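Step one of this worksheet: look at the structure below.
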Amino acid sequence: MRGMEANEVRQEDNKEIIKMNIKQFIEATRQYLFQLAAAQPALATIPVRKER
């Protein structure tokens with residue numbers, strides 16, 4: 001019985017670690033992508049119709 005309880009506790013700990021790793025990965029990815037977006041030059045404006 002103790003072995004089963006220990007396995008369950010270990011599995012719960014592993015699940016929490018995995019959740020934390022995923023959250024950290026998502027946050028790091030978000031920051032990286034925002035830095036890339038900020039580094040991009042602004043798009044040029046194109047007139048809709050020609051001036052006469």
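None of these values were measured; they are calculated from a predicted model. The first residue in the sequence is number 1, and the count goes up from there.
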Would you list the atom pairs, donor with acceptor, under 3.5 Å between side chains in residues 23-32 and any protein atom, with sequence neighbours excluded?
unit_1, atom_1, unit_2, atom_2, d
E27, OE1, R30, NH1, 2.9
E27, OE2, Q31, NE2, 3.1
T29, OG1, F25, O, 2.8

For E8, enumerate each residue passing the salt bridge (Lys or Arg N to Asp or Glu O under 4.0 Å) test, keeping only those at least two apart in sequence or located in another chain. none

Could you give the side-chain donor-acceptor pairs of residues 10-19 under 3.5 Å, partners two or more places apart or in another chain?
unit_1, atom_1, unit_2, atom_2, d
R10, NH1, N7, OD1, 3.1
N14, ND2, R10, O, 3.4

